[in-house]
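Accompanying notes for the structure given below.
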There are 2 protein chains.
Amino acid sequence: MEDGTFESLGYCGDTGIDDDVLQWDQRADCEVRQILDRVADKWSLLVIALLDKRSLRFTELRRAIDGVSQRMLTRTLRHLERDGLVSRTVHPTVPPRVDYELTPMGVTLHSTIRALVVWTEEHQNAIAAARAAYDRRAAAEQEAAERDEAQRLAVARAALPIRS
Amino acid sequence: MEDGTFESLGYCGDTGIDDDVLQWDQRADCEVRQILDRVADKWSLLVIALLDKRSLRFTELRRAIDGVSQRMLTRTLRHLERDGLVSRTVHPTVPPRVDYELTPMGVTLHSTIRALVVWTEEHQNAIAAARAAYDRRAAAEQEAAERDEAQRLAVARAALPIRS
DNA sequence: CAGTATCCAAGCAGATACTG
DNA sequence: CAGTATCTGCTTGGATACTG
């Protein structure tokens, strides 16, 4: 079984420093990181959103999500299950049937996430504008640099003796 | 210049389907994804948190964050700048001085993120417990499987004629 | 100081094949 | 059906060296 997530905490534990600004950054963040990593990965969010409406079977999720490979869906579900956000119920029938549903904690997480979604919806235009502006500036600079370069080259060539 | 983030949207655009559950999942998420990816990556969160208190110079950030390589810090800052969350001010002095600070939009994002941080702080115990429980169950199953295997092996060996 | 450029290793994620 | 196992390419991120 491939894994990860066990040793990947980085620096946690109590740092004796708490010097400057980094109070919650170091302390809280090492916890927050893991949750965020869970929340933010490509599929978790989709799964949580889907399961918020009703419990679903493995294949229903697979079909609903579209781009996901069964490997990734399995991994995602295992992680969510491990974190206590999703519960997994195996019905011992033939063929086997497995239902996934949000735990109460999973539901509260989903409503918290909604705040971020709302923020995003409210600001997506501003962000798109910012990006467009940034890219425009970058392109302009790029072009300017190329003009400069051409200039320098032309000057250098003119300064050299014509070689045959 | 290495990049990414430009072509990485996956399927966006209007899907004519809106069949089932996946209304906001497909539509909103393809926008939300990019923001979340920004918010969730290893360093962005730290940078935003640090800059929320006061504007900082490149090296101040570098020192404050500790584990970050200058390459990653630069990338992170460029991304945040492109999204209009952080502003970059170059003072044409010698040696050069560059200040980074949160834009108004960056500030609102930070307060939104706080909700997630709060959620995490409130639930981190529950999550830790869930993980411990999960790992315990997994370990137990693992062990059981190994006992079974040993059993089967012993039986198989007993059933075979003693060779030599 | 504040970067950019290049190289390289590790981990993530997809495709495929197999199983209870 | 609901997975696990394996192989592999590609992206991500760190280390290092160089520049305006």
Side-chain angles (χ1 to χ4, degrees), chain A residues 1-11 33 37-38 40-44 46-47 55-81 86 88-100 138 141-142 144-145 148-149 152, chain B residues 1-10 33 37-38 40-44 46-47 55-81 86-100 138 141-142 144-145 148-149 152:
Chain A
M1 185 173 306
E2 164 187 20
D3 200 63
T5 335
F6 284 85
E7 300 281 339
S8 55
L9 314 186
Y11 51 90
R33 271 258 56 78
D37 287 348
R38 189 91 310 122
D41 91 351
K42 212 172 172 185
W43 310 113
S44 294
L46 274 304
V47 169
S55 81
L56 291 169
R57 307 179 51 178
F58 186 86
T59 313
E60 290 177 313
L61 281 168
R62 187 155 163 46
R63 260 194 294 270
I65 294 182
D66 175 69
V68 76
S69 64
Q70 85 284 46
R71 183 181 178 278
M72 280 303 109
L73 183 53
T74 305
R75 275 174 65 85
T76 303
L77 288 168
R78 286 294 170 286
H79 286 150
L80 292 173
E81 190 195 353
V86 157
R88 175 170 179 272
T89 322
V90 184
H91 300 92
T93 58
V94 178
R97 173 194 179 92
V98 180
D99 281 305
Y100 291 94
E141 271 171 39
Q142 172 84 12
D148 276 18
E149 180 64 11
R152 287 201 316 113
Chain B
M1 169 131 18
E2 164 187 21
D3 201 60
T5 335
F6 284 86
E7 301 280 339
S8 57
L9 315 185
R33 272 257 57 79
D37 287 347
R38 188 92 312 122
D41 90 352
K42 214 172 171 185
W43 311 113
S44 294
L46 275 304
V47 170
S55 81
L56 291 170
R57 306 177 54 178
F58 186 85
T59 313
E60 290 177 313
L61 281 168
R62 185 153 164 48
R63 259 194 294 270
I65 294 183
D66 173 71
V68 76
S69 64
Q70 85 284 47
R71 184 180 178 278
M72 280 303 109
L73 183 54
T74 305
R75 275 173 64 86
T76 303
L77 288 167
R78 286 293 170 287
H79 286 150
L80 292 172
E81 190 195 352
V86 158
S87 69
R88 176 171 178 272
T89 323
V90 185
H91 300 93
T93 59
V94 177
R97 173 196 179 92
V98 180
D99 281 306
Y100 291 93
E141 270 172 40
Q142 172 85 9
D148 276 20
E149 181 63 12
R152 288 202 315 113

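Residue numbers start from 1 in every chain, and the chains themselves are labelled A, B, ... in the order their sequence lines are given, proteins ahead of strands.
In a base pair of the Watson-Crick type (N1 to N3 plus N6-O4 or O6-N4) or a G-U wobble (N1-O2 and O6-N3), with each distance short of 3.5 Å, dC1(C) is matched with dG20(D).
Between Pro95(A) and Thr74(A), the residue whose closest nucleotide on DNA chain D is further toward the 5' end is Pro95(A). Residues Met72(A) and Arg63(B) both approach DNA chain C. Their nearest nucleotides, taken by heavy-atom distance, put Arg63(B) toward the 5′ side.
In the set dG3(C), dG20(C), dC1(C), the nucleotide with an atom closest to the side chain of Pro96(A) is dG20(C). Out of dT4(C), dA2(D), dT4(D), the shortest distance to the side chain of Arg78(A) is found at dT4(D). Checking dG14(C), dT4(C), dC1(C) against every side-chain atom of Ser69(A), the shortest atom distance belongs to dG14(C).
Here dG11(C) presents its P atom at 14 Å from NE2 of His79(A), a figure rounded to the nearest Å. For the pair Arg71(B) CZ and dG13(D) P, the interatomic distance rounds to 8 Å; values are reported in whole Å. Here dT11(D) presents its C1' atom at 13 Å from CG of Asp37(B), a figure rounded to the nearest Å. Going from atom CG of Leu56(A) over to atom P of dC1(D) covers 15 Å, rounded to whole Å. In this structure, CG of Leu77(B) is placed 16 Å from P of dC1(C), rounded to the nearest angstrom. Whole-Å rounding puts the Glu60(B) CD to dG3(C) P distance at 13 Å.
In this model, the phosphate group of dC1(C) is not approached by any side-chain N or O of Tyr100(B) to a distance below 4.0 Å at OP1 or OP2. At the phosphate of dA2(C), neither OP1 nor OP2 sits under 4.0 Å from any side-chain N or O atom of Arg88(B). When the side-chain nitrogen and oxygen atoms of Arg57(A) are compared with OP1 and OP2 of dC1(D), none of them lie within a distance under 4.0 Å. Remark: Arg75(B) is not in phosphate contact with dG3(C), judged by side-chain N or O atoms under 4.0 Å from OP1 or OP2.
Looking at heavy-atom distances under 4.0 Å, Arg62(B) makes no contact with the nucleic acid at all.
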